[in-house]
Structure formats: structure tokens, C-alpha cells
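One structure below.
Sequence lines set the chain letters: A, B, ... in the order given, protein chains first and strands last, and positions in each chain run from 1.
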Protein chains: 2
Amino acid sequence: MLDTSTHVTDCSSDLAAKLRDAIISGRFMPNERLIEADLANAYKVNRANVRIALAMLDQEGLVVRERNRGARVRLVTDEEALEIAEARRVIEAMVARQAAERANDRQKAALRALMARMRAAYEKQDFNSYSQRNVEMHRAIQDIAANATANRLLQTLKSQVVRLQYRAILQSGRPAKSLAEHGEIVDAICANDAPAAESAMRRHLCAVKNALRQAMQAAKQGAY
Amino acid sequence: MLDTSTHVTDCSSDLAAKLRDAIISGRFMPNERLIEADLANAYKVNRANVRIALAMLDQEGLVVRERNRGARVRLVTDEEALEIAEARRVIEAMVARQAAERANDRQKAALRALMARMRAAYEKQDFNSYSQRNVEMHRAIQDIAANATANRLLQTLKSQVVRLQYRAILQSGRPAKSLAEHGEIVDAICANDAPAAESAMRRHLCAVKNALRQAMQAAKQGAY
DNA sequence: GACGATCAGATTGTCAACAATCCGGTCAGC
DNA sequence: GCTGACCGGATTGTTGACAATCTGATCGTC
């Protein structure tokens with residue numbers, strides 16, 4: 001399985017994981033201050049460990065620190081989100097290619113099963129479930145590619161923008177297209193057709209990026 | 001200019017930068033233990049800061065930490081080096097494309113000047129200088145693309161393998177090909193031909209990866 | 001009322017001491 | 001001679017106290 005986490009079961013790494021989760025899931029808002037003493041108190045750890053965890057998350061891009069002013073949740077700008085989407089696109093296209101090169105029968109069957117569940121979720125109009133399956137699908141492909149370096153990069157990139165992705169999914173007509181795009185990717189991987197898998201993933205994430213851009217523009221319009 | 005460093009002028013970030021430099025330049029050997037007290041003493045900082053710096057470098061992939069056993073310089077395996085080279089390839093191809101889209105006349109002139117210096121170094125058979133210009137060239141292209149996210153990723157990836165890159169350059173016939181490949185990249189960017197720049201960079205880094213693979217195999221043979 | 005000096009509270013940065021753990025060698029027992 | 005318990009030095013992990021810095025509020029002056 002996909003294991004891109006630090007293997008150190010350190011207290012500070014533990015805390016970093018919890019904080020990461022809290023930031024990603026939105027329990028801390030962007031720009032919210034992360035006060036060492038409070039966190040130490042809330043998570044029942046020492047302030048030294050809080051400091052270390054914050055430094056790690058800073059390195060990871062989830063948090064920004066300023067000297068003598070502490071840490072706050074990093075706000076990723078729209079521009080940055082697009083940069084991230086673009087980087088993700090090229091890496092994940094590579095991953096899809098490698099997955100197509102390496103997929104065995106068991107893995108192909110798993111992909112097809114997952115695809116069926118995506119389709120079912122789509123037909124039931126259960127977009128929550130669909131979104132979940134979507135994540136699982138991409139992770140399954142990453143697992144097949146078994147490229148630890150790429151997986152680490154993708155995890156970092158995705159964690160920085162998860163909160164924005166929701167919007168992209170909600171574009172009208174997007175789920176139908178998304179379903180078709182995933183179908184193409186799965187077909188290519190199951191046929192061990194590496195170039196097709198790469199370009200299908202490229203197209204898919206290009207569409208995702210465009211949906212994201214539109215969602216962001218719509219949000220900007222709405223602000224006026 | 002390329003500024004992918006943490007903007008925090010923290011004492012711990014300072015130290016992290018120094019340690020990073022020391023590791024990259026080989027003053028610390030792979031697998032060498034990094035003892036907190038020694039580092040604190042050597043760099044005249046507090047042990048708490050050493051801990052934070054080590055945690056950051058761990059997150060960055062330059063160092064591994066094990067609970068109660070401290071940190072050591074991470075040894076990247078051959079397999080991993082290839083993964084990294086592959087990831088670098090797709091990202092830097094994207095960067096070349098963006099550079100081609102965005103390059104203005106001043107930047108194009110700078111690229112051409114750099115190219116001339118590369119050629120001069122090649123003709124003088126000064127491979128030290130050539131290697132240096134090579135690095136500058138890639139950085140210059142990154143600067144033009146101005147994609148902070150991609151630049152950050154590339155910096156991390158490259159820092160993990162710099163010590164291996166030397167070997168790749170020393171392959172026989174490699175410098176001549178390298179020079180030609182860089183020429184194609186520069187030409188494409190100067191023509192604002194994005195697809196050509198992307199594919200030229202792809203080809204270049206594919207060749208680099210192959211050279212790296214050969215160098216690694218040669219090293220392995222030599223060990224017997 | 002606007003502006004700047006000043007102060008208190010909150011927060012981060014630094015430090016040293018202590019506790020917990022690991023690693024290597026030593027020694028008794030078989 | 002080999003195995004395994006055991007011990008001491010080395011190193012990491014934890015803690016609390018204190019210093020330095022920032023932030024926002026208050027107050028006096030113009």
C-alpha cells in the first residue's frame with residue numbers, strides 16, 4: 001500500500017501527522033495562527049515537539065513561519081493552485097505510464113472493480129461517494145506504479161490543494177466527463193498501453209485544471 | 001532570481017541551510033551519523049535548533065531519523081536515483097515549456113550568452129566549468145519559467161542526487177551530446193516554441209538518465 | 001481627533017539540566 | 001569457544017525556566 005509517511009514513530013512526527021490532517025480537513029483555516037503553547041496543550045505534547053512539527057509542515061508547504069511571529073496555516077493563492085495542478089499533472093501522467101507498464105492481472109481487476117464503483121456512485125448521483133472513489137482510483141494507480149518518489153511528491157502537492165478540489169468537482173457536467181476520462185485511463189492501463197495511459201491521464205488532469213480555473217473565476221465573480 | 005529557500009531567517013532554518021550545503025557538497029558522507037551535540041557545538045547553535053534543522057532535512061529527504069537513534073545522511077539507492085531522475089525529467093520538461101511561453105528578449109539573450117560559455121568550456125575541455133555552466137543553464141531556464149512550485153520540487157529532487165550526477169557527466173561522448181541537446185533546448189525557448197522546448201528537454205533528461213544508469217552499472221561492475 | 005511614546009500581555013526563542021534509550025564491550029556460565 | 005545477561009558511556013528525548021520580541025492598548029501631547 002501507499003506509504004509515503006515518515007517511518008519515524010517520533011512524537012513530533014506523530015504530531016505533524018495530526019496537524020497535517022487538521023489543516024487538510026479544514027479544522028484550521030488558512031492564515032489561522034498556530035500558537036505553540038495552545039497546540040502543545042491541545043495535543044498533550046511538549047512545546048519542543050510542536051516546534052519541530054511546525055518546522056516540518058513548513059518544509060512541506062502547509063504552514064508558513066516568520067521569525068518571532070510564529071506559524072500560520074499557509075494560504076495558497078489561486079495562481080499557486082494552478083501551478084500545483086500543473087505539476088501534479090505531469091507527475092501523475094508519468095505515474096499512469098509506469099502503472100501501465102507494471103500492472104498485473106490482479107491489479108487490473110482491482111482497477112476495473114473500482115471503476116465500476118465509480119460508475120455506480122455516478123449513476124446514483126452520490127457525488128460524495130464519487131469524490132471518494134476518485135481519490136481511491138488515483139491512489140490505486142499510484143500503488144501500481146510503485147514509484148515512491150513520485151508518490152511522495154504527489155502527496156505533498158495534493159495536500160496543499162485538497163480544499164480547492166471540491167469546487168472543481170462541482171462544475172456542471174464535470175462528473176460525466178470525469179467518469180469517461182477515468183474509464184480511458186483504466187482501459188489503457190489494463191491494456192498495458194503506457195503511452196495511452198500517460199496521455200489519458202494528461203488529458204484528465206488538464207480537464208481538472210480547467211475545471212479548477214473556472215471554479216476559481218466563478219468564486220471571484222461571486223465575491224463582487 | 002531563483003529563490004526557493006525558506007524566507008524565515010530563523011536560526012534553525014539557517015542551520016538547515018548550512019547542513020544541506022554540507023550534505024550536498026559531500027562534507028558529510030551517506031549514512032554518516034549526525035550527532036546533535038556535535039553539530040550544536042560545531043555550528044555554535046543550540047541543540048533544540050539542531051533538532052529542528054534535522055527534522056526539516058528529514059522532511060526534505062536528505063536525512064533519515066530513527067527514534068532514539070538520531071539522524072544520518074540518507075543514502076539514496078540506485079533505484080531511487082533513477083526514480084528521481086525520471087521525476088525530474090517530467091517536471092523540468094514542463095518548466096522548459098513554460099519558459100518557452102514566457103521568455104522575453106533579455107532572457108533569450110542571457111540564455112544564448114550562457115550557451116556560448118558552455119560551448120567555450122566544452123572546447124577548452126574544461127569539464128569542471130562545463131558542469132558549472134550546465135547547472136546555471138538549468139537554473140536560468142527555471143528562472144524564466146518562474147514557476148515557484150516546480151522550482152521548489154526540482155531543488156529538492158536535485159539536492160538528493162547531485163553527488164551521483166558527476167558520474168553521468170563523465171561518460172565518454174556525453175559532453176558532446178549534452179552540448180547539442182542544450183543547444184536544441186535554447187533554440188526552442190528562444191523561438192518561443194513551447195512544444196519543441198518541452199520535447200527537447202525531455203530528450204535531454206532522458207539521455208542524462210541513461211548516462212546515469214550506465215555510470216551506475218559501470219560502478220557496480222567495477223566493484224567485483 | 002490624530003499621532004507617537006510607552007507599557008503590559010502574549011508569544012516565540014534560547015538554554016541547561018535531567019530522564020530514557022541505545023550501543024558496545026565485559027564477564028559469568030555452559 | 002559460544003551464548004546471553006549486564007553494565008557504563010554516549011546519545012537522544014523531555015521538561016521547565018528564562019530572555020527576547022512582537023502586538024495591541026493606553027495615554028499624553030499637539
- Message: Tell me which one of A:Arg152, A:Lys158, A:Arg65, A:Arg20 satisfies salt bridge (Lys or Arg N to Asp or Glu O under 4.0 Å) with A:Glu60.
- Response: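 For A:Glu60, the salt bridge (Lys or Arg N to Asp or Glu O under 4.0 Å) check succeeds only for A:Arg20.
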- Message: Suppose we screen for side-chain hydrogen bond (donor to acceptor under 3.5 Å, both in side chains). Which residues come up paired with A:Asp126, at least two apart in sequence or across chains?
- Response: none
- Query: Who passes side-chain hydrogen bond (donor to acceptor under 3.5 Å, both in side chains) against A:Asn134, sequence neighbours left out?
  - Reply: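 For A:Asn134, the residues satisfying side-chain hydrogen bond (donor to acceptor under 3.5 Å, both in side chains) (neighbours in sequence not counted) are A:His138, A:His182.
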- Query: When we call it a touch if two heavy atoms are under 4.0 Å apart, what does B:Ala48 touch: a base, just sugar-phosphate, or nothing?
  - Reply: nothing
- Query: Just checking B:Leu54: base, sugar-phosphate only, or nothing, at a heavy-atom cut-off of under 4.0 Å?
  - Reply: nothing
Rounding to an integer number of Å, can you tell me how far [X] [atom1] sits from [N] [atom2]?
X	N	atom1	atom2	answer
A:Ile35	D:dT21	CD1	P	20 Å
B:Leu39	D:dT11	CG	P	11 Å
A:Asn46	C:dA17	CG	P	18 Å
A:Ile52	C:dT14	CD1	P	14 Å
A:Glu36	D:dG16	CD	P	16 Å
A:Asn49	D:dT15	CG	P	8 Å

- Query: Per the side chain to side chain contact (heavy atoms under 4.5 Å, CB included) rule, which among A:Leu34, A:Leu19, A:Val64 passes with A:Val73?
  - Reply: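 Result: among A:Leu34, A:Leu19, A:Val64, A:Leu34 is the only option passing the side chain to side chain contact (heavy atoms under 4.5 Å, CB included) with A:Val73.
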- Query: If each of A:Arg47 and A:Ser12 is mapped to the nucleotide of DNA chain D with the nearest heavy atom, which maps nearer the 5' terminus, i.e. the 5' end?
  - Reply: A:Ser12
- Message: Can you identify which nucleotide, out of C:dT11, C:dG13, D:dT11, has its nearest atom closest to the B:Arg33 side chain?
- Response: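 The nucleotide sitting nearest to the side chain is D:dT11.
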- Task: Ignoring the backbone of A:Arg69, work out which of C:dT12, D:dT23, D:dG13 is nearest its side chain.
- Result: D:dT23
